[in-house]
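Report on one structure; see the data block that follows.
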Amino acid sequence: MRRSMTMALAAGAVIGAAFAPAAAFASPDATSFHQAAATAPSGDPDTTLTFTVTSGALTMTAPGFANLGSGTPGSTVGAPIGPVTVTDNRALASASWTATASSTDFVNGGSTIPATDANYDPGFITHTGTITVTGTDITLSNSPQTVVAGTAGSGNNSASWSPTISVAIPATAVGGTYTATLVQSVS
Amino acid sequence: MRRMLSMLLLLTAASIAVPGTSALASAAPGLQQQFGVRLFDVPLAAAHNPRALRYIIDFVHPGSIIRRRILVLNQETRRAHFAVYPDAARITHGMFVGDSGATQSELTRWTRLQHRTLTLRPGASILDMVTIRVPRRATRGEHYGVIWVQQAARARTAGGAAVKEVNRVGIRIYLDVGRGGAPPTRFVITSVAGHRSPSGQPVVVARVQDTGGLAVDLSGQVRLSDGPGGITAGPFREQQVVTLAPGQTGNLVFAESKDLPGGSWRASVRLASGLTTATAQSNIQIPGGHGASAWARLSPLIWSAGAVGLLILAMIRFGRRPRVAAARRRSAGTRRRLNTPRGSHGLGG
């Protein structure tokens, strides 16, 4: 027999107060529910009492489709793919997040240009709030690598950059349109 | 027989409004096309652990079930489609990295989402339930993963080279499976050293080892004292959070001001992962650089200014020597030395 006890608190009244950086884990509601935990049935290791976090979310810019231009075999094409913004409204006392990028190979029918022939340069990074952001210029691959790291943050913060993707077209490449899927992730 | 007791305490029957939405819209009108996610439920036992407020962190016995709700938000001005799925993750080179696709792992096979695809109206948000059923034969140890909320761009026709973006926002999972009580969260600072980068940036590097049974997300600060001329500097924060799996070793790098003079310093490092902290003090050498040469040029001036100042002080305080001596006695003996890691047990880290 397994019991799962969930306390859900849709507390509209406290949502306003959750803007304060410390409120996320120091809110009076969390404290009062801690008391409730003490009176919960004991002896069942599978009973988990939970409380509801009332702060904001970690968000990211919606994806787009970017044309990098045309070039001859042996040349390099590249273009900014549009701004990326990470917004951390989780109101954390010690805020941090990591943004990674990976890419599939560039495909044109049966021909491919490997992802490792492409580069991701985050360029200049602007930020709001208290956060230290570090950008890393990477050679793309099928595996995610960190491109921008936010650290030493306090409270709500955001960072924006406009990455440039450049592709070195191999001298042996077959003419045509090459498309890759670029995965940008933040957690 | 499985019985599920759900107790819903609706203190106020408010709809799930998200504070970030309105703030974002009013503060930055150009940045509205965003989507995201946040953890909605946190175990009461972890209420004071800052890591538990952002990630799914738990220790469970084989055969257990965990349920957590997440809130998915569409802050875009158009209807948007999202995929929600668990993905494998690993801790490597001091980083927690979620895989690029829906890579399978033991943990992802245990994890189910109530809604795997979502379509949300502009400004709408919805709760999704994450259920992790840990089988009785689950591998012991810590399992890592991410719940991704993913949005993909629509493909368009292009000439030359083009990229179709897929953007994802995720909630990390650190799930430890075992018998008995939770393993300890513990880490030690094994060394502290000073360097100067090729660009002339002075840095302090703290080498850390995860000696406990759970992963740690390390951040912290360094304070410098007893520098050239007795000056102090800092605190300086870490350049990047370092995540270590049990047994792994990594470096936390603290970048100092470029004007910091080279020479010998006393570095006090304080690191934390959740509720677990460790401190260390060490004498370090920061090689000379532009800052040091500037200091060398300045130091005769400072020494003469200091000597004049001391002379004036001595003249003023000449008649009150006993009180100064007493103050000196009081301030002695307040310095601490050596590594003093304090590891707490349970899921404190």
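Chain identifiers are assigned alphabetically (A, B, ...) following the order of the sequence lines, protein sequences preceding nucleic acid strands; residue numbering begins at 1 within each chain.
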ask   = Measuring from B:F35:CZ to A:T87:OG1, what's the distance to the nearest 0.5 Å?
value = 11.5 Å

request  = Calculate, to the nearest 0.5 Å, the distance between atoms OG1 and CD belonging to A:T151 and B:Q240 respectively.
outcome  = 7.0 Å

ask   = Do side-chain atoms of A:R90 reach the backbone of B:R38 as a donor and acceptor pair under 3.5 angstrom?
value = no

request  = Can you see which heavy atom on A:A57 is nearest to which on B:L73, and at what distance?
outcome  = CB-CD1, 3.3 Å

query = In Å, rounded to the nearest 0.5 Å, how long is the span from OG of A:S102 to CZ of B:R168?
reply = 6.5 Å

task = Sort by residue number and list every member of residues 117-136 of chain A having a non-hydrogen atom under 4.5 Å from chain B.
result = A:T134

inquiry  = Does anything in residues 171-187 of chain A reach chain B? List residues with heavy atoms under 4.5 Å apart, or say none.
reply    = A:G176, A:T177, A:Y178, A:T179, A:A180, A:T181, A:L182, A:V183, A:Q184, A:S185, A:V186, A:S187

ask   = Can you say whether A:N142 sits under 4.5 Å from chain B via the side chain, the backbone, both, or neither, judging by heavy atoms?
value = backbone

Atom group of B:Q239 that falls short of 4.5 Å from chain A, counting heavy atoms = backbone

note = In terms of heavy-atom contacts, B:A161 and A:N67 come closest through O-OD1, 3.3 Å

message = Tell me which of these, B:S219, B:A80, B:G101, B:G159, has more heavy-atom pairs under 4.5 Å with chain A than the rest.
response = B:G159

query = Got a second to check how far B:R237's CZ is from A:S94's OG, nearest 0.5 Å?
reply = 5.5 Å

query = Could you give the distance from CD (B:Q75) to CG (A:N89), rounded to the nearest 0.5 Å?
reply = 7.5 Å

request  = Mind listing the closest non-hydrogen atom pair of B:P43 and A:F51 along with its distance?
outcome  = O-CE2, 3.8 Å

request  = Counting only heavy atoms closer than 4.5 Å, note whether A:A66 contacts chain B via side chain, backbone, both or neither.
outcome  = both

key: chain A contact via B:V169 - which portion, at a heavy-atom distance below 4.5 Å   = both

query = How far does CZ of A:F65 sit from NZ of B:K164, to the nearest 0.5 angstrom?
reply = 8.5 Å

message = Quick one: does any side-chain atom of B:E238 pair with a main-chain N or O of A:A152 as donor and acceptor, under 3.5 Å?
response = yes

task = Show your working on side-chain contact (heavy atoms from CB on, under 4.5 Å) between A:F106 and B:V163 and close with a plain yes or no.
result = CA-CA 8 Å; A:F106 287 77; B:V163 288; 3.8 Å; yes

query = Step by step, would you call B:R54 with A:S96 a side-chain contact (heavy atoms from CB on, under 4.5 Å)?
reply = CA-CA 10 Å; B:R54 65 183 97 176; A:S96 66; 3.2 Å; yes

inquiry  = Heavy-atom cut-off 4.5 Å, strictly under: side chain, backbone, both or neither for A:T146 against chain B?
reply    = side chain

